[in-house]
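Each residue takes its place number in the sequence, starting with 1.
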Amino acid sequence: MIRVGLVDDQTLVRSGIRGLLALTGDIRVALEAADGVEALALLQAERPDVLLLDVRMPGMSGIALLQAMRDGGDMPPTLLLTTFDDDEALLAGMRLGARGFLLKDISLERLADAIRRVAAGETLFRPGLTERVLDGVRGGAAEFPALDLPERLTGRELEVLALMAGGFNNREIAEALGPSEGTIKNHVSSILSKLGVRDRVRAVLRGLELGYI
């Protein structure tokens with residue numbers, strides 16, 4: 001059984017997530033808090049397998065709680081939850097050690113999958129798509145020469161592609177993931193080559209088509 005800690009200032013959100021996870025056979029909410037201060041006190045006594053943490057809360061925010069847990073040297077694997085695409089919070093959370101970033105309107109299937117993967121030690125980044133990418137989808141910008149079976153992206157390339165979907169540039173991706181900006185540039189070039197596209201927007205669209213994002 002995967003034990004989840006749930007921190008969100010909205011009672012209805014906590015109730016909804018708790019109810020959804022109760023439908024799974026292997027995940028249950030074992031710790032629940034309405035703000036960062038309450039969560040910090042509870043986490044001193046009990047450490048969940050995965051922490052679902054709201055980004056924006058009154059008082060101590062999710063990012064502030066991440067910082068406090070990191071300073072204390074005992075941070076459970078954490079997934080950040082938000083109702084909107086918050087680029088600044090995503091980068092801050094990643095720098096502080098968050099394992100993933102999910103929108104609150106995510107389906108039960110994807111939420112449960114994310115929890116299982118993070119509990120197993122994986123890192124999951126699925127930032128919301130920027131308006132630029134969404135406009136491309138609506139405008140039919142996905143027209144590019146399709147490859148029958150593109151070469152599979154590596155795990156690091158998948159992380160870079162996810163951040164490209166969030167609109168981050170090479171420098172920001174390097175700051176978030178750790179490698180040099182030159183290394184990220186090489187990853188981006190490899191992604192474009194493997195997907196058979198000529199620019200970043202088309203790479204994101206191709207990644208969507210193939211289910212990489």
Side-chain angles (χ1 to χ4, degrees), residues 52-53 55-56 62-63 78-118 120 122-213:
L52 296 180
L53 178 59
V55 169
R56 296 193 178 275
I63 302 303
T78 301
L79 281 166
L80 296 177
L81 294 171
T82 184
T83 54
F84 48 86
D85 185 5
D86 191 334
D87 294 353
E88 183 178 351
L90 170 59
L91 282 173
M94 290 171 65
R95 294 189 187 106
L96 290 170
R99 298 283 188 86
F101 185 92
L102 301 169
L103 299 181
K104 287 184 180 179
D105 62 358
I106 192 172
S107 67
L108 169 59
E109 180 180 359
R110 291 185 64 183
L111 176 60
D113 177 66
I115 290 172
R116 293 182 185 112
R117 290 173 60 183
V118 168
E122 295 185 41
T123 298
L124 176 70
F125 295 110
R126 292 184 183 276
L129 298 180
T130 61
E131 283 302 314
R132 179 170 62 89
V133 174
L134 289 174
D135 287 343
V137 174
R138 299 187 190 107
E143 297 178 1
F144 46 78
L147 301 179
D148 292 336
L149 288 173
E151 184 180 349
R152 180 72 185 180
L153 302 185
T154 66
R156 176 61 79 181
E157 288 168 349
L158 289 172
E159 291 181 345
V160 171
L161 179 62
L163 291 175
M164 287 166 59
F168 300 108
N169 60 36
N170 290 349
R171 178 183 56 79
E172 292 170 328
I173 295 174
E175 290 177 355
L177 297 183
S180 68
E181 186 173 346
T183 299
I184 296 300
K185 182 178 180 180
N186 290 337
H187 284 313
V188 172
S189 296
S190 177
I191 290 168
L192 298 183
S193 176
K194 287 182 178 181
L195 297 183
V197 297
R198 64 176 179 264
D199 58 48
R200 298 167 76 98
V201 172
R202 289 171 183 265
V204 170
L205 295 174
R206 183 65 165 151
L208 283 168
E209 180 187 45
L210 295 170
Y212 287 160
I213 302 173

Stepwise side chain to side chain contact (heavy atoms under 4.5 Å, CB included) test for Leu52 and Ile115: CA-CA 9 Å; Leu52 296 180; Ile115 290 172; 4.1 Å; yes

Verdict with supporting geometry, Leu177 and Leu163, side chain to side chain contact (heavy atoms under 4.5 Å, CB included): CA-CA 10 Å; Leu177 297 183; Leu163 291 175; 3.9 Å; yes

CA sep, side-chain torsions, deciding dist, call: Ile63, Leu80, side chain to side chain contact (heavy atoms under 4.5 Å, CB included): CA-CA 9 Å; Ile63 302 303; Leu80 296 177; 4.2 Å; yes

Pair Ile191-Met164, side chain to side chain contact (heavy atoms under 4.5 Å, CB included): steps then yes or no: CA-CA 11 Å; Ile191 290 168; Met164 287 166 59; 4.1 Å; yes

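For the pair Ser193 (side chain) and Ser189 (backbone), a donor-acceptor distance under 3.5 Å is absent.
Under the 4.5 Å side-chain criterion, counting only non-hydrogen atoms from C-beta, Arg206 is not in contact with Leu192.
Among residues two or more places apart in sequence or in another chain, the side chain to side chain donor-acceptor pair (under 3.5 Å) test is passed with Glu122 by Arg117. Residues satisfying the side-chain contact (heavy atoms from CB on, under 4.5 Å) test with Arg171, not counting sequence neighbours, are Asn169, Glu175, Glu181. Under the side chain to side chain donor-acceptor pair (under 3.5 Å) criterion, Ser107 pairs with no residue at all, not counting sequence neighbours. Not counting sequence neighbours, Asn186 has no partner by the side-chain contact (heavy atoms from CB on, under 4.5 Å) test.
Shown here for Phe168 and Arg200, the closest heavy-atom pair between the two residues is O-NH2, 3.0 Å. In this structure, Leu53 and Gly62 approach most closely via the heavy-atom pair CD2-O, 3.3 Å. Here the shortest heavy-atom pairing between Ala174 and Pro179 reads CB-O, 3.3 Å. Here the closest non-hydrogen pair linking Ala203 and Leu195 is O-CD1, 3.5 Å. Across all their heavy atoms, Val160 and Ile173 have their closest contact at O-CD1, 4.1 Å.
Interatomic distance, CD of Glu159 versus OG1 of Thr154, reported as 8.5 Å (0.5 Å rounding).
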